[in-house]
Protein chains: 2
Amino acid sequence: MARKLGSHSEITGPRITSAATTLIARHGFAAVTMRQIAAEVGVQAGALYLYTPDKQTLLFDLMRAHMEELLDAAAAQDFSGPPEAALEAFTRFHIAFHLDRAEPVFVAYMELRSLTPENFEALERLRKRYEETLTAILRRGAADGVFDVPDPAVTTRALIAMLTGLTTWFRDGGRLTRDEIADLYWPMVRGAVRPG
Amino acid sequence: MARKLGSHSEITGPRITSAATTLIARHGFAAVTMRQIAAEVGVQAGALYLYTPDKQTLLFDLMRAHMEELLDAAAAQDFSGPPEAALEAFTRFHIAFHLDRAEPVFVAYMELRSLTPENFEALERLRKRYEETLTAILRRGAADGVFDVPDPAVTTRALIAMLTGLTTWFRDGGRLTRDEIADLYWPMVRGAVRPG
DNA sequence: GTCTATACCTGGATAGAC
DNA sequence: GTCTATCCAGGTATAGAC
């Protein structure tokens, strides 16, 4: 298994993704240059094109990978219990996952408009699949009469916006721990759908 | 009141602001060029520099103007009634104002990272002043025992994120009217802070 | 797989005519 | 106040050596 000196394919690929995510989260896609990404990784700009055909594809692959991880992680959860327990599980899962990955979350949310129309559509489909996880819980609770949810699609977006908003200001090592945050948000989510 | 032909100072200024806001909301600050803005207004790129010293200042002035309008509009409201009535008034005001100005709202939220550090700080101060309007209502309600708000700063951010999230998907002429939206959101806000 | 070098283009911003 | 013309820095992407 001899390997040429200076050959780091399995190392450099992930490092490009990671550096690009950090830089794009901080400065925005259009403001980040291929040279900056390359410098962060420690290679020359031209070397990036061994890993991606162009800058747009680099962004899209990054965003898609993030959304697929999110969907996989959600699929691994058990949201089949009573609606209230399922809603709490979803709330805590969503918070934990999103705080764990503040940078890709931020990119996936902020850079939708930087995608080509086809790539945008593909990502929207993934996002909607994730939203459907929460919508299903809300519908079950409404059917059981334990939730008051006149419009599950609207409530889904409202709750996800509330929870995801966390990532714009929460910082580890601040006044509150992640668990304290989840303990503050869960009663708000619960109350927002509680009848009367 | 003779005016030189081709002199449109009072017309062109606002048109630049408006065109820049639309383009930046759609494509992002870094992706929009001075030439694009000029073309939208119907002048040449060089002419923009009669109205702004540089691109960064154009962005900042736009965002600051928006935040000042928001603060002025909030100051003109009466949030001095009983906490629950004040919270409902704030909710409906916030929704109405933000749906009326989807583009500047989007820019003010998404382009914070495109500002220089000094400009960022200035805008953050304005944003915090606005948040304080809601925090004050929440504190009053908590003191009266009509709201359960263990952490007013966190609840403020959670509620504002929920309400502002609307602007990313609401479109006039869609399934729901603005009033229907407000009637869906107010009970969620109320429930999120309702005791037990 | 990576580097150096570079083609080619478009960006922000300015100068000077009108 | 606006236009035309232009400077020059820096962008993406490619070619060819190693």
Side-chain angles (χ1 to χ4, degrees), chain A residues 1-24 26-63 107 111 113-116 118-119, chain B residues 1-24 26-63 107 111 113-116 118-119:
Chain A
M1 286 304 179
R3 179 179 276 282
K4 266 196 221 117
L5 216 70
S7 175
H8 306 287
S9 175
E10 282 129 37
I11 299 263
T12 305
R15 277 169 52 78
I16 290 171
T17 303
S18 164
T21 303
T22 300
L23 286 168
I24 294 170
R26 194 160 321 169
H27 306 291
F29 175 69
V32 171
T33 72
M34 296 298 267
R35 290 194 239 260
Q36 275 178 280
I37 297 168
E40 191 73 17
V41 173
V43 297
Q44 293 298 314
L48 298 181
Y49 291 88
L50 293 167
Y51 298 88
T52 185
D54 51 44
K55 197 187 173 193
Q56 166 72 209
T57 306
L58 176 60
L59 174 65
F60 177 60
D61 287 346
L62 189 103
M63 292 169 82
V107 171
E111 300 298 346
R113 63 189 173 179
S114 302
L115 294 171
T116 61
E118 311 79 55
N119 288 345
Chain B
M1 287 304 183
R3 178 179 278 283
K4 267 196 220 115
L5 216 70
S7 176
H8 305 287
S9 173
E10 281 130 39
I11 299 263
T12 305
R15 276 169 54 78
I16 290 172
T17 303
S18 164
T21 303
T22 300
L23 286 169
I24 294 170
R26 195 162 317 168
H27 306 292
F29 175 69
V32 171
T33 71
M34 294 299 269
R35 290 189 235 262
Q36 272 178 283
I37 296 169
E40 191 75 18
V41 173
V43 297
Q44 291 300 314
L48 298 180
Y49 291 88
L50 294 166
Y51 298 88
T52 185
D54 51 44
K55 197 187 174 196
Q56 166 71 207
T57 305
L58 176 59
L59 174 66
F60 177 59
D61 287 347
L62 191 103
M63 293 169 81
V107 172
E111 301 299 347
R113 63 188 172 180
S114 302
L115 294 172
T116 60
E118 311 78 54
N119 288 344

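Heavy atoms only: backbone and side chains are in, while hydrogens, waters and symmetry mates are out. Here the structure is a predicted model, which is why all the values come from computation and not from measurement.
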Please examine the side chains of [Y] and [X], heavy atoms only from C-beta on, and report whether any two atoms are closer than 4.5 Å.
X        : Y        : result
B:Ile37  : B:Leu58  : yes
A:Thr57  : A:Asn119 : no
B:Leu59  : B:Val107 : yes
B:Glu111 : B:Ile24  : yes

- Query: Checking only heavy atoms, does the side chain of B:Arg35 share a donor-acceptor pair with the base of C:dG12 at less than 3.5 Å?
  - Reply: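 Result: at least one qualifying N/O pair found.
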- If you pin B:Gly46 and A:Gln56 to their nearest nucleotides in DNA chain D, which one's is more 5'? B:Gly46
Distance check needed: [N] [atom2] versus [X] [atom1], whole Å only.
X       : N      : atom1 : atom2 : answer
B:Met34 : D:dT2  : CE    : P     : 14 Å
A:Tyr51 : D:dA13 : OH    : C1'   : 17 Å
A:Leu58 : D:dT12 : CG    : P     : 11 Å
A:Arg15 : C:dT2  : CZ    : C1'   : 14 Å
B:Lys55 : C:dG11 : NZ    : C1'   : 8 Å
A:Glu10 : C:dG1  : CD    : P     : 9 Å

- Among D:dT12, C:dC3, C:dG1, the one nearest A:Leu50 by side-chain distance: C:dG1
- Any idea which of C:dA13, D:dG11, C:dG12 is nearest the B:Asp54 side chain? C:dA13
- Mind checking A:Val32 for me? I need base, sugar-phosphate or nothing, with any heavy atom below 4.0 Å counting as a touch. sugar-phosphate
- Reckon B:Gln44 has a side-chain N or O less than 4.0 Å from the OP1 or OP2 of D:dT2?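 No, no such contact exists.
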- Task: Give a yes/no on whether any side-chain N or O of B:Tyr49 is located under 4.0 angstrom from OP1 or OP2 of D:dT2.
- Result: no
- Task: Using heavy atoms to find the nearest nucleotide of DNA chain C for A:Thr12 and B:Ala31 separately, return the residue whose nucleotide is more 5′.
- Result: A:Thr12
- Point-to-point distance, once rounded to the nearest 0.5 Å, from OG1 of A:Thr33 to NZ of A:Lys55: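 If I round to the nearest 0.5 Å, the distance is 7.0 Å.
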